[in-house]
Amino acid sequence: MDKLKVAVLGATGLVGQAFISMLSKHPWFEVEAVAASPAKAGVKYGEAVSWHLEEPIPPEVSGQTLKEPVPEKLSKDIDLVFSALPSNAASEVEPLFARAGYIVVSNASPFRMDPDVPLIVPEVNPDHLRLLGEQRRRRGWRGALVKNPNCSTAILVLTLKPLMDSFGLKRAVVTTLQALSGAGYRGVPGMAILDNVLPYIPGEEEKLMYEPRKILGTLEGGWVKHAEIPVSATTTRVPTLHGHLESVHVELGEDTDTRSLVEALENFGGLPQKLGLPTAPPAPVIVRHGEDRPQPRLDRDAGGGMSVVVGRVQHASLLGDAWFRYLVLGHNLVRGAAGNAILIAELMVRLGQKH
Ligand code: NAP
């Protein structure tokens with residue numbers, strides 16, 4: 001098939017660069033337009049970007065001129081818009097694109113918890129894309145807005161879903177050790193993070209508490225009934241570059257053994273694997289058995305950054321018979337951002353929901 005033309009908003013940022021890199025090798029999509037902040041409109045991408053990836057800037061994008069991030073500046077034959085905008089810009093700009101008829105798949109937090117906005121991890125809740133019918137009816141948009149969850153949430157729910165399906169899930173307690181790139185290119189000053197751990201990331205704990213409930217919820221009467229799973233979250237920033245590590249305790253609905261739990265995680269797969277989507281990793285959850293895994297440097301690129309890596313699965317019987325604990329690690333820019341969004345877009349194309 002002819003490649004579909006896509007635009008990337010926020011293309012010069014860290015998530016934007018991950019989009020450009022992944023899309024340059026994509027079998028279905030090609031980057032037709034790039035936009036950054038309005039001040040950079042008119043500048044060539046290769047001159048405007050502080051490129052942080054080891055591979056060179058893809059030549060077919062390097063020479064493209066940055067557009068203003070408004071729908072009037074995009075050509076009408078763009079099939080999909082990926083957004084890596086900061087929150088304040090996203091809340092203004094994304095509805096303009098959706099109203100103008102574009103499908104927007106976004107990483108930014110505004111609208112994530114709106115009842116008519118699908119918040120998707122494709123292996124976990126692909127059926128929530130059905131909210132788009134209601135979204136169009138309510139908002140009168142010709143296009144649509146679909147959201148990626150917060151990066152730590154996307155990584156966490158890939159492990160909670162198989163546990164919930166196999167054993168039931170009563171509650172979860174999670175502490176994150178989040179990498180620097182999760183805060184964006186200008187996010188955390190070196191003086192604040194070198195030789196240090198920051199014990200608070202504004203807004204992050206609330207996202208981890210509430211987003212999993214929506215993603216793990218069920219469609220009932222056309223709406224998502226949120227899962228009644230309390231999640232207690234502590235989020236910290238640590239001086240790693242990429243890859244969020246999360247220490248997780250879960251209370252399951254029934255007692256089991258660690259072997260069954262590992263099996264449930266290892267056997268997990270979803271619609272993207274069944275459909276053989278190009279960005280779907282063969283195993284969304286990989287379990288490492290060495291006691292010193294997962295580690296950000298060694299494990300963040302598993303499955304091209306699309307798999308999450310679990311280790312140190314143990315019975316936490318001091319807390320109760322049905323309590324278990326484990327560590328999970330995922331690449332925040334790939335599974336936590338650009339890769340998950342591209343997988344959502346692939347799913348929409350395959351399910352015929354592109355228009
Ligand atoms: P970033 O590195 O700060 O990049 C921000 C991008 O937005 C840049 O391209 C910037 O362009 C552009 N921009 C800034 N102000 C703008 C405006 N007023 N209008 C239009 N564009 C504007 O941030 P990031 O880490 O890539 O994150 C992007 C989004 O994804 C955020 O909403 C973030 O919360 C979310 N997210 C990030 C991660 C992660 O791991 N980093 C994971 C999940 C979700 P200039 O170059 O011109 O400044």
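Treat the numbers as computed from the prediction; the structure is a model and nothing was measured. These values consider heavy atoms only, across backbone and side chains, with no hydrogens, waters or symmetry-generated copies. Order of appearance sets the numbers: ligands from 1, and atoms from 1 within every ligand.
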Exercise for review: Please report which non-hydrogen protein atom sits nearest to atom 3 (O) of ligand 1, along with the residue it belongs to and the distance in Å to one decimal place.
Suggested key: Y185 N, 3.9 Å
Revision key, fill the gap. So for L85 against ligand 1, with non-hydrogen atoms under 4.0 Å, the contacting part is both
Exercise for review: For A90 and ligand 1, answer yes if some heavy atom of the residue is under 4.0 Å from a ligand atom, otherwise no.
Suggested key: no
Exercise for review: Determine the minimum heavy-atom distance between N148 and I120, stating which atoms define it.
Suggested key: OD1-O, 4.1 Å
Revision key, fill the gap. shortest atom 10 (C) of ligand 1-to-protein heavy-atom contact is with T12 OG1, 3.9 Å
Review point. Between N340 and G336, is there a donor-acceptor pair closer than 3.5 Å when you use the side chain of the first and the backbone of the second?
Key: no
Revision key, fill the gap. Atom 23 (O) of ligand 1: closest protein heavy atom, distance to 0.1 Å, is G184 CA, 3.9 Å
Review point. Which protein heavy atom lies closest to atom 40 (O) of ligand 1, and at what distance to 0.1 Å?
Key: N332 ND2, 3.0 Å
Check your understanding: What atoms in ligand 1 come closer than 4.0 Å to a heavy atom of L333?
Key -> 39 (C), 40 (O), 41 (N)
**Study point:** For A11, the ligand 1 atoms whose distance to one of its heavy atoms is below 4.0 Å
**Key:** 9 (O)
Point to revise | Close-contact set for ligand 1 against C151 heavy atoms, below 4.0 Å | key: 42 (C), 43 (C)
**Study point:** Derivation of the side chain to side chain contact (heavy atoms under 4.5 Å, CB included) call for F19 and F29
**Key:** CA-CA 11 Å; F19 271 121; F29 303 143; over 6 Å; no
Practice item. Please confirm whether L14 comes within less than 3.5 Å of ligand 1 when only nitrogen or oxygen atoms on both sides are compared. Key: yes
Check your understanding: Side chains of T279 and E346: donor-acceptor distance under 3.5 Å anywhere?
Key -> yes
Practice item. Around atom 41 (N) of ligand 1, find the nearest protein heavy atom and jot down its residue, atom name and distance. Key: S181 O, 2.9 Å
Exercise for review: Check whether the side chains of S181 and H242 place a donor and an acceptor atom closer than 3.5 Å, and report yes or no.
Suggested key: yes
Review point. Of all heavy-atom pairs between Q64 and E32, which one has the smallest distance, and what is that distance?
Key: OE1-O, 3.3 Å
Practice item. Would you please classify the geometry between the W28 ring and the H26 ring as parallel, tilted or perpendicular, with 30° and 60° separating the classes? Key: perpendicular
Review point. Under 3.5 Å, side chain of H331 to main-chain N/O of L333, donor-acceptor pair present?
Key: yes
Review point. Counting only N and O atoms by type, is there a donor-acceptor contact under 3.5 Å from the side chain of E92 to the main-chain atoms of A89?
Key: no
Check your understanding: Going by atom types alone, do Y200 and T235 pair a side-chain donor with an acceptor below 3.5 Å?
Key -> no
Check your understanding: If we ignore angles and hydrogens, is there a donor and acceptor under 3.5 Å between the side chains of N332 and Q178?
Key -> no
Revision key, fill the gap. Ranked by distance from atom 28 (C) of ligand 1, the top protein heavy atom is A84 O, 3.1 Å
Exercise for review: Answer yes or no for S109: is there a heavy-atom contact with ligand 1 below 4.0 Å?
Suggested key: no
Review point. Considering only the protein, which heavy-atom contact is closest to atom 17 (C) of ligand 1, and what is its distance?
Key: A89 CB, 3.7 Å
**Study point:** Shortest protein contact, atom 43 (C) of ligand 1 (heavy atom only)
**Key:** G336 O, 3.3 Å
Point to revise | atom 38 (C) of ligand 1 protein-contacted, heavy-atom criterion under 4.0 angstrom | key: yes
Review point. Which atoms of ligand 1 are found less than 4.0 Å from any heavy atom of P69?
Key: 20 (C)
Check your understanding: Based purely on interatomic distance, does H244 place a nitrogen or oxygen under 3.5 Å from a nitrogen or oxygen of ligand 1?
Key -> no
Check your understanding: Nearest to atom 7 (O) of ligand 1 by heavy atom, G182, A48, G13, P86: which?
Key -> P86
Point to revise | I344, V146, V117, L145 screened by side chain to side chain contact (heavy atoms under 4.5 Å, CB included) with S106, the one that passes | key: L145
Practice item. Over all heavy atoms of both residues, which pair between F82 and A341 is shortest? Give the atoms and the distance, please. Key: CE2-O, 3.6 Å
Check your understanding: Heavy-atom contacts under 4.0 Å between S37 and ligand 1: side chain, backbone, both, or neither?
Key -> both
Review point. Any protein heavy atom sitting closer than 4.0 Å to atom 34 (O) of ligand 1?
Key: no
Check your understanding: Counting N and O atoms only, with roles assigned by atom type, does the side chain of D321 sit under 3.5 Å from a partner on the main chain of D255, one being a donor and the other an acceptor?
Key -> no
Check your understanding: Numbering the atoms of ligand 1 from 1, which are under 4.0 Å from a heavy atom of A108?
Key -> 32 (O)
Exercise for review: Indicate whether any N or O donor in one side chain lies under 3.5 Å from an N or O acceptor in the other, for E55 and S21.
Suggested key: yes
Exercise for review: Could you name the option among V49, V34, N107, V8 that has the heavy atom nearest to atom 30 (O) of ligand 1?
Suggested key: N107
Check your understanding: Side chain, backbone, both or neither: which part of P38 comes within less than 4.0 Å of ligand 1 when only heavy atoms are counted?
Key -> side chain
Exercise for review: Please say which of R139, K147, K214 ends up in a side chain to side chain donor-acceptor pair (under 3.5 Å) with D114.
Suggested key: R139
Revision key, fill the gap. Any heavy atom of A36 under 4.0 Å from ligand 1? The part involved is both
Check your understanding: Should one rank N340, V334, V15 by closest heavy-atom distance to atom 36 (N) of ligand 1, which comes out on top?
Key -> V15
**Study point:** Numbering as shown, the atoms of ligand 1 that approach A337 to under 4.0 Å (heavy-atom distance)
**Key:** 42 (C), 43 (C)
